[in-house]
Amino acid sequence: MSGGPADDPAARPVPGTTAETDTDTGTEAAGSGPAVSRAEFDSVFASVSTWGRWSPADRGAWNRVTTDHVRRAAALVRSGTTVQLGLPWNTRAGPDNSRPALHHMTDLGDVEAPEPTTHKDFIAADYHGKAVSHLDALSHVAYRGRLYDGRPAREYVDAGGARFGSVEALGPLVTKGVLLDLPAVLGTDWLEPGHAVRATDVAAAERALGVTIDEGCAVLLRSGRFRRRRELGPWDADAAGAGLHVDAVPLLAGRAIALLGGDGDSDVRPSPVEGVHSPVHALAVAAMGVPLLDNLDLEALSAACAAARRYEFMVVVSPLRVPGGTGSPVNPVAIL
């Protein structure tokens, strides 16, 4: 890792916005950044919208990734170190897993003919939550009743699934990945829940880590959520979580990214926008056509990037082909 942003004013927490240190306790005070009015949010939504830009529209920003992007991503592979980014299948209920995934055996070698014996199992998950690593397709989020590209949600999504923006329309993605390792930049083990990552923080992280967010890349934000969880235990991540503030999204939109993800769900929680519980979801998916990766385990990737002294790599995302699906459990892979 090159340098550090300790003496860079752009990287310092802003009082009353990003988390600031409580000098009496040594802990960070949770704050989800400056409040954003609904009118201000709608203005940001309009400014980052890419409606009408691509065909097929339901691949959204993945249309940006060409064969040239794939070749450039492959050129980033040097050591061949491979890091999986998905969480283990979580079947245990907890504060951050109200709908545990299912896993049970259906054959213990006693169902079919004697030889060879076989063992089979069943898995299932209500994966849009805080416990399963998954991809959000463009049919997952609507704002003011409209999906990406202005499609009326009620006309395109029903009990049979999505007829626009399904995960099957996306296919696989191979592109350059950038890890914004905020705890590494700030010299902390993790960001406290409620810590808002703002545009100045993103720009400071780029400088400190020696990376550039550019067209067609996948941006992965590490807050250290799962290190904190392992050391301190689970908490209700719907109520409080580190993530991006609304003011960081225009920067990412200007860089023409293809994918956004992190070890949370990209949104700082609680939301700084009254009446909009997941503003970054609305801006990324419904306005920009950028699919999201939620609940990645980025701890091994953080260690691998630190060891390699570089924070860019090839990333491969291959969701399940679910016709009409609003997303998919996924185990992305980073290759350094």
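Keep in mind it's a predicted model, so treat the numbers as computed, not measured.
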Under the criterion side chain to side chain contact (heavy atoms under 4.5 Å, CB included), I'd like the reasoning laid out for V315 against T175: C-alpha separation, chi angles, the key distance, then a yes or no. CA-CA 6 Å; V315 66; T175 194; 3.9 Å; yes
Step-by-step salt bridge (charged side-chain N to carboxylate O under 4.0 Å, His left out) determination, R228 to E192: CA-CA 8 Å; R228 186 184 193 278; E192 286 295 330; 2.9 Å; yes
Would S133 and L293 satisfy side chain to side chain contact (heavy atoms under 4.5 Å, CB included), going step by step from the backbone distance to the final call? CA-CA 7 Å; S133 300; L293 285 172; over 6 Å; no
Audit row: V268, V197, side chain to side chain contact (heavy atoms under 4.5 Å, CB included) steps and yes/no: CA-CA 8 Å; V268 65; V197 176; over 6 Å; no
Audit row: R225, W235, side chain to side chain contact (heavy atoms under 4.5 Å, CB included) steps and yes/no: CA-CA 10 Å; R225 172 190 171 192; W235 69 95; 3.8 Å; yes
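From L220, atom CG reaches atom CG of L298 across 6.0 Å, with rounding to the nearest 0.5 Å. Separating the CG atom in L138 from the CG atom in L170 is a distance of 5.5 Å, to the nearest 0.5 Å. Interatomic distance, W190 CH2 to E299 CD, rounded to the nearest 0.5 Å: 10.0 Å. Taken from NZ in K176 to CD1 in I257, the straight-line distance is 12.5 Å, to the nearest 0.5 Å. Rounded to the nearest 0.5 angstrom, Y311 OH and D181 CG are separated by 5.0 Å. Between the CZ atom of R222 and the CZ atom of R227 there is a distance of 7.0 Å, given to the nearest 0.5 Å.
Within a 6.0 Å radius of CZ in R92, no more than 12 heavy atoms belonging to other residues, nucleotides or ligands are found. The number of heavy-atom neighbours closer than 6.0 Å to NE2 of H277, taken from other residues, nucleotides and ligands shown, is 12 or below. Counting non-hydrogen atoms of other residues, nucleotides and ligands closer than 6.0 Å to CD of E274 gives a total of 12 or fewer.
Considering every non-hydrogen atom in both V65 and A258, the closest pair reads CG2-CB, 3.7 Å. Closest heavy-atom contact between F164 and Y148: CE2-O, 3.3 Å. Heavy-atom minimum distance, N295 versus A131: ND2-N, 3.7 Å. Shortest non-hydrogen contact noted between A196 and D201 is O-OD2, 3.7 Å. Closest approach of V317 and P332 over heavy atoms only: CG2-CB, 4.1 Å. S55 and N63 make their closest contact through O-OD1, 4.0 Å (heavy atoms, listed as atom of the first residue, atom of the second, distance).
Residues satisfying the salt bridge (charged side-chain N to carboxylate O under 4.0 Å, His left out) test with R38, not counting sequence neighbours, are none. Among residues two or more places apart in sequence or in another chain, the salt bridge (charged side-chain N to carboxylate O under 4.0 Å, His left out) test is passed with R229 by D96.
Looking only at atom types and distance, the side chain of H128 has a donor-acceptor partner in the side chain of T326 under 3.5 Å away. No hydrogens or angles considered: a donor-acceptor pair under 3.5 Å links the side chains of S278 and R269. Side-chain contact of D265 with H281: a donor-acceptor pair under 3.5 Å is absent, judged by distance alone. Side-chain contact of H119 with D121: a donor-acceptor pair under 3.5 Å is absent, judged by distance alone.
Considering only heavy atoms from C-beta on, R144 comes within 4.5 Å of D42 through its side chain. Here the side chains of L260 and L244 are in contact, with some heavy-atom distance below 4.5 Å. For the pair P34 and R198, the minimum side-chain heavy-atom distance is below 4.5 Å. Taking the side chain as every heavy atom from C-beta outward, R255 and L252 never approach each other to under 4.5 Å. Looking at heavy atoms from C-beta onward, L259 lies in side-chain contact with L135 at the 4.5 angstrom threshold. The shortest side-chain heavy-atom distance between H195 and L186 falls under the 4.5 Å cut-off. You'll find the side chain of K130 stays beyond 4.5 Å of the side chain of D236, heavy atoms only. P291 places a side-chain heavy atom less than 4.5 Å from the side chain of W62.
Y143 places no side-chain N or O within donor-acceptor distance of the main-chain N or O of V276, the cut-off being under 3.5 Å. Judged by distance alone, with hydrogens and angles left aside, the side-chain atoms of D149 form a donor-acceptor pair with the main-chain N or O of G52 at under 3.5 Å. Judged purely by atom type and a 3.5 angstrom limit, S32 uses its side chain to pair as donor or acceptor with the backbone of P270. Remark: the backbone N or O of G86 is paired with a side-chain donor or acceptor of N331 at under 3.5 angstrom. Without hydrogens or angle criteria, T91 side chain to L102 main chain gives no donor-acceptor distance under 3.5 Å. No donor-acceptor distance shorter than 3.5 angstrom exists from the side chain of S166 to the backbone of P323, with no hydrogens or angles considered. Of the possible polar contacts, one joining the H69 side chain to the T66 backbone as a donor-acceptor pair under 3.5 Å is found. D189 places no side-chain N or O within donor-acceptor distance of the main-chain N or O of G224, the cut-off being under 3.5 Å. Looking only at distances, no side-chain donor or acceptor of D294 sits under 3.5 Å from a matching main-chain atom of H134. At distances below 3.5 Å, at least one donor-acceptor pair connects side-chain atoms of S328 with backbone N or O atoms of L320.
Residues L85 and Y127 do not share a hydrophobic cluster, defined by chaining ILVMFWY side chains whose heavy atoms lie under 4.5 Å apart. A single hydrophobic cluster is seen to contain both V70 and M314, as judged by linkage of ILVMFWY side chains at heavy-atom distances under 4.5 Å, directly or through other members. Cluster annotation: V285 is connected to W54 through the hydrophobic network of ILVMFWY side chains, with a link wherever side-chain heavy atoms come within less than 4.5 Å. Linking ILVMFWY side-chain heavy atoms closer than 4.5 Å, directly or via other members, places V249 and L251 in a single hydrophobic cluster. Under the 4.5 Å side-chain heavy-atom criterion for Ile, Leu, Val, Met, Phe, Trp and Tyr, F226 and V330 are members of distinct hydrophobic clusters.
Partner K120 forms a side-chain contact (heavy atoms from CB on, under 4.5 Å) with one of V111, T106, L108 and no other, that one being T106. Screening D214, V211, L221 for a side-chain contact (heavy atoms from CB on, under 4.5 Å) involving V178 leaves a single residue, V211. Residue F313 forms a side-chain contact (heavy atoms from CB on, under 4.5 Å) with just one option from L301, L76, V77, I335, and that option is L301.
Among residue pairs with one or both ends in residues 54-68, those qualifying as salt bridge (Lys or Arg N to Asp or Glu O under 4.0 Å) are D68-R71; sequence neighbours excluded.
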